[in-house]
Amino acid sequence: QVQLVDSGGGLVQPGGSLRLTCAAAGLTFSINSMGWYRQRPGKQRELVAAMITGGSTDYADSVKGRFTIERDTAKNTAYLYLQMNSLKPEDTAVYYCNANLWIAGGLVDYWGQGTQVTVSS
């Protein structure tokens with residue numbers, strides 16, 4: 001059973017840093033990509049950063065140069081990290097880990113429960 005657990009959120013002042021962690025278990029299927037999404041108040045969920053299996057990464061324009069995504073994998077497990085620097089109030093959101101897996105010839109999304117990031121003085 002695929003399970004993703006997000007952690008690392010909190011309250012931070014503008015200009016500060018946070019590191020989010022996603023612990024993924026039960027990854028018995030091929031990974032197409034893993035990434036972080038966020039949902040800001042009153043907005044739709046949006047991509048923050050993603051790693052495509054094979055090496056490429058994708059960042060939202062608003063976080064380029066400030067956020068870095070990293071992934072460590074082992075048999076059937078993975079840890080996904082999001083290092084967030086120079087945080088801004090507009091980065092306030094619930095952040096969700098995503099795993100996009102190949103299952104029975106199609107792509108299926110799995111989500112973490114979300115972790116709240118609040119950037120405020």
Side-chain angles (χ1 to χ4, degrees):
Q1 181 177 354
V2 178
Q3 187 173 21
L4 280 63
V5 179
D6 306 330
S7 63
L11 173 64
V12 63
Q13 292 187 340
S17 297
L18 281 176
R19 184 174 175 86
L20 305 184
T21 298
C22 171
L27 300 178
T28 58
F29 306 99
S30 294
I31 299 172
N32 178 58
S33 67
M34 292 188 72
W36 290 95
Y37 287 70
R38 68 185 180 189
Q39 188 161 14
R40 294 183 278 185
K43 304 288 187 180
Q44 291 190 332
R45 194 174 295 189
E46 61 182 356
L47 174 70
V48 176
M51 296 187 72
I52 314 300
T53 297
S56 64
T57 58
D58 188 22
Y59 291 93
D61 288 342
S62 60
V63 307
K64 285 180 181 176
R66 301 189 297 121
F67 291 10
T68 303
I69 187 170
E70 298 172 306
R71 188 174 90 184
D72 291 327
T73 57
K75 184 177 180 181
N76 297 339
T77 63
Y79 286 91
L80 190 70
Y81 306 98
L82 186 68
Q83 178 65 43
M84 304 186 295
N85 300 326
S86 303
L87 282 161
K88 303 176 180 180
E90 52 264 41
D91 294 318
T92 294
V94 179
Y95 285 72
Y96 298 90
C97 176
N98 169 267
N100 184 248
L101 308 179
W102 285 104
I103 299 177
L107 290 170
V108 179
D109 282 314
Y110 289 87
W111 298 92
Q113 82 285 2
T115 185
Q116 176 71 48
V117 171
T118 302
V119 185
S120 175
S121 56

Problem set entry | same_hphob_cluster(Tyr79, Val5) at 4.5 Å side-chain heavy-atom cutoff | no
Problem set entry | Ion pair Lys64/Asp61, N-O distance below 4.0 Å | yes
Exercise. Can any side-chain N or O of Thr115 pair as donor or acceptor with the backbone N or O of Asp6 at less than 3.5 Å?
Worked result: no
Problem set entry | Non-hydrogen atoms of Leu80 and Cys97 that approach each other most closely | CD2-SG, 4.0 Å
For this session: For residues Ser33 and Ile52, report the shortest heavy-atom separation together with the two atoms involved.
Result: CB-CD1, 3.7 Å
Exercise. Taking all atoms of both residues into account, what is the closest heavy-atom pair of Ser121 and Pro14, and its distance?
Worked result: N-CD, 3.7 Å
Exercise. Closest heavy-atom contact between Tyr96 and Gly112?
Worked result: CD2-O, 3.6 Å
For this session: Check Leu18 against Gly8 and note the closest heavy-atom contact, atom names and distance.
Result: CD2-O, 3.8 Å
For this session: Would you name the heavy atoms of Glu70 and Met51 that are closest together and state the gap between them?
Result: C-SD, 3.8 Å
Exercise. Taking C-beta and beyond as the side chain, do Tyr81 and Thr68 meet within less than 4.5 Å on heavy atoms?
Worked result: no
Exercise. When rounded to the nearest 0.5 angstrom, what distance separates OG1 in Thr21 from CD in Gln83?
Worked result: 9.5 Å
For this session: Please examine the side chains of Val12 and Ser17, heavy atoms only from C-beta on, and report whether any two atoms are closer than 4.5 Å.
Result: no
Exercise. Taking atom CG of Asn100 and atom CG of Asp109, what is their separation to the nearest 0.5 Å?
Worked result: 4.5 Å
Exercise. Hey, is the main chain of Arg66 close enough, under 3.5 Å, to the side chain of Tyr59 for a donor-acceptor pair?
Worked result: no
For this session: Tell me, please, which residues at least two apart from Phe67 pass ring-ring contact (aromatic ring centres under 6.0 Å, His included).
Result: none
Exercise. Around atom CD of Gln3, are there more than 12 heavy atoms of other residues, nucleotides or ligands at under 6.0 Å?
Worked result: no
Problem set entry | Salt-bridge present (Glu90, Lys43; N to O < 4.0 Å) | no
Problem set entry | Donor-acceptor pair, side chain of Arg45 and main chain of Tyr37, under 3.5 angstrom | no
For this session: Using modelled atom types only, decide if a donor and an acceptor are shared between the side chain of Thr92 and the backbone of Val119 within a distance under 3.5 Å.
Result: yes
For this session: Could you tell me whether the side chain of Ile103 reaches within less than 4.5 Å of the side chain of Tyr110, counting heavy atoms only?
Result: yes
For this session: Can you sort out the partners of Ala24 under side-chain contact (heavy atoms from CB on, under 4.5 Å), two or more places apart, ordered by chain and number?
Result: Leu4, Leu27, Met34, Ala78
